[in-house]
Amino acid sequence: MANYIINRLLQLIPVLVGVSLITFFILNLAPGDPAELMVRASGMEPTPEAVASMREELGLNYPLHVRYCLWVWHALHGDLGVSYHSGLPVARELALRFPATLQLALASSLFMILLALPAGLLSAFYNRSYIDHLSRFAALLGASMPGYWLGLILIYIFGVRLGLLPVMGSGTIKHLLLPAMTLGFGLAAVYARLLRASLLEVMGQDYIKAARARGLRERRIMLAYAFKNALLPVVTAFGMSLGHLLGGMVVVETIFSWPGVGRLSVEAIFARDYPVLQGYVLVMALVFVVVNLLVDLSYVLLNPRLRIGGGEKR
Amino acid sequence: MRVENIKIDFPGKNSTVRAVNGVSFAIKAGETLGIIGESGSGKSVTALALLGLLEKPGRVLEGRIIYKGRDVLLLSRKEKQRLRGREMAMVFQDPLTSLNPVLTVGRQLTDVLRRHLELNRHQTRERALRLLQSVGLGNHEGIMKSFPFQLSGGMRQRVMLALALGANPSLLIADEPTTALDVTVQAQIIRELHRLQQEKGMAMLVITHNWGVVAELADRVGVMYNGRLVEYGSIVDIFNHPAHPYTHLILSSVPVLGKGRKGIINIHSPVSRVTLNGCSFAPRCMLKGKHCLKAPLSAEISPGHFVACHLAGIDSAIAVERRRELA
């Protein structure tokens, strides 16, 4: 087990190198010159001389590969550079914004679980009944509504019309509700459907028929015998679609002015703030790999075959 | 347990398949009935119907399943649930797929006991351990904690037996209990079944396509073909005086050491439609004649020995002659 975890953590190295390399070069393909933007931002006329000296100041006068090597060298020493925009160290900037993102991610995951588990279970238990149809319709709706649209609709209903919830900023639980719902609903739709399909498949297995033949109650069969088995593919899918969650965070944070790293990255893109963006991508890749590892570890907990190792016979 | 003339249909989009077409039999306490037949002959469907576990769209069209004086088919869902496991239990063909892969043996075992018996935690555990011991599983503390994938095929089937016997059912249905096992393990499981039945005085219904299993366990035998019991009698009747051509055929298809097989059956198995006329075995029968266009009724050719064939019983002389001609 420990070996497995160490192995997985070692895999982080190539992932991080690859991710940073790709973003570094793609960023430089984007039109717009950060030096020129910086000069303009400071209220000066972007004369060629001013831009050139700014470029030198930012270290942009070196060739691309040199800049990458320099960046890696500094990053290895824990220095992710300084934001062009705010002048703060990138690491500090990210550390300031990260808790808000984490809070939102946890809240929307919680919302997702609270919605997807009952919906999936009820849908499978009352297969083809009106409850099932209702839940599947809701799931279809949730899966086909893009996050930014749902976010705006929720803002309109709860914020503008009813005036119940604040539509931007953070700080209280109330602030958390709308963004968490926006993110959680779309996710819940996907997982409720997946859980339903998985449960129905498991309910057709021989061991379910055998449990029925022993006179166990349907509800118990569903919850104790089918649920754990049905969760396996759902957990796998969750690990794989984590990227969607991170992508969705960027959109939702922007819509609700949530002060997380997602919005930071959008701001950085507009300002061509290369160091911040590089830092964001690096941290997200790290989060992605670590969360995926956690998902895989929970998979091991669910599946005794992995926990006890191989199909060995006693 | 008495089964009277049950018919089971599986309605499809364009046609309805009649899986079981008028099957009747009876099993008394302490007695074993073996039902033998090829794949698709309706054996397993019959067994599932007894437990009220037919899967949709299958349904029992007519007939009665009388268990201890009550018709199982008329019971409510809850009553049927109570019956399963408590009164009738079933052992399935493949013990690996019939055990839940993510729950321990102990968990699955105590679940049945808690469902059917009024026992406290400690008593449940005690009983679970005794059960494992009674089915011949040695290290039972360890087995309680194991997952099915950690056990061998024979151990798994023993666990299935323990699960089935948990609440002391009075009827045990074993659906091909040895098919998925090694030959040596098959023999052990059959011995175990026999011993447990003797000990508990259960009635047993054994479904198989293996004459060996029938010979070892059954007191009476029903030969099933295409949804019908074509022959039904004591084990002596069936082995020594088989009367139906199908019984003849499948008995002679058993390879004899040093001699090989005598009879070989067309692999082609017919799918029964509701609109089938005449004897359903006729298309594969070596002895078929013009009378076979009419469906044969089951006739008692000697006490307790029923055969559904025009050539059996009174006409058996003709049958013997035809057989001689064909040989």
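Side-chain atoms are counted along with the backbone in the values below, which use heavy atoms only and exclude waters and symmetry mates. Letters A, B, ... mirror the listed sequences (proteins, then strands); counts begin at 1.
Between A/Lys209 and B/Phe92, some side-chain heavy-atom pair lies under the 4.5 Å cut-off.
Taking a 6.0 Å sphere around CG of A/Leu10, one finds it holds more than 12 heavy atoms contributed by other residues, nucleotides or ligands. Other residues, nucleotides and ligands contribute at most 12 non-hydrogen atoms within 6.0 Å of the CD atom of A/Glu201. Atom CD of B/Glu118 has 12 or fewer neighbouring heavy atoms from other residues, nucleotides or ligands inside a 6.0 Å radius. When the shell of 6.0 Å around OH of A/Tyr4 is examined, it contains more than 12 heavy atoms from other residues, nucleotides or ligands.
Checking B/Leu99, B/Asn100, B/Thr97 one by one against A/Asp206, the side-chain contact (heavy atoms from CB on, under 4.5 Å) holds for a single residue, B/Thr97.
Heavy atoms of A/Ala211 lying under 4.5 Å from chain B are absent altogether. For B/Leu163, the parts lying near chain A are the backbone and the side chain together; criterion is any non-hydrogen pair under 4.5 Å. Interface remark: B/Leu83 contributes no atoms to any contact with chain A (heavy atom separation under 4.5 Å). For chain B, no part of A/Ile208 is nearby; none of its heavy atoms comes within less than 4.5 Å.
A/Glu218 approaches B/Arg77 most closely through the heavy-atom pair CG-NH1, 4.5 Å. When every heavy atom of B/Arg107 is checked against every heavy atom of A/Arg220, the shortest pair comes out as NH2-NH2, 3.5 Å. Contact record, B/Arg115 with A/Leu216: CB-CD2, 3.8 Å, taken as the closest heavy-atom pair. Nearest heavy atoms, B/Met90 versus A/Ala213: CB-CB, 4.3 Å.
Separating the CZ atom in A/Arg212 from the CZ atom in B/Arg84 is a distance of 8.0 Å, to the nearest 0.5 Å. Summarising the geometry, atom CG belonging to B/Asp94 is positioned 13.0 Å from atom OH belonging to A/Tyr207; distances are rounded to the nearest 0.5 Å. The line from CG of A/Asn303 to CZ of B/Phe149 is 7.5 Å long, rounded to the nearest 0.5 Å.
Interface summary for chain A: among B/Gly52, B/Pro148, B/Pro101, B/Ala89, the most heavy-atom pairs under 4.5 angstrom belong to B/Pro101. The residue among B/Arg114, B/Gln108, B/Arg82, B/Arg86 with the most heavy atom pairs within less than 4.5 Å of chain A is B/Gln108. Chosen from B/Pro169, B/Ala167, B/Gly85, B/Pro95, the residue pairing most often with chain A at heavy-atom distances under 4.5 Å is B/Gly85. Chain A forms more heavy-atom pairs under 4.5 Å with one residue of B/His116, B/Gln93, B/Met160 than with any other, namely B/His116. Counting heavy-atom pairs closer than 4.5 Å to chain A, the top residue among B/Val112, B/Asp111, B/Leu51, B/Leu53 is B/Asp111.
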In sequence, state the C-alpha distance, the side-chain angles, and the governing distance for A/Arg217 and B/Gln81, and then conclude on side chain to side chain contact (heavy atoms under 4.5 Å, CB included).
CA-CA 7 Å; A/Arg217 290 193 187 87; B/Gln81 255 177 27; 3.7 Å; yes
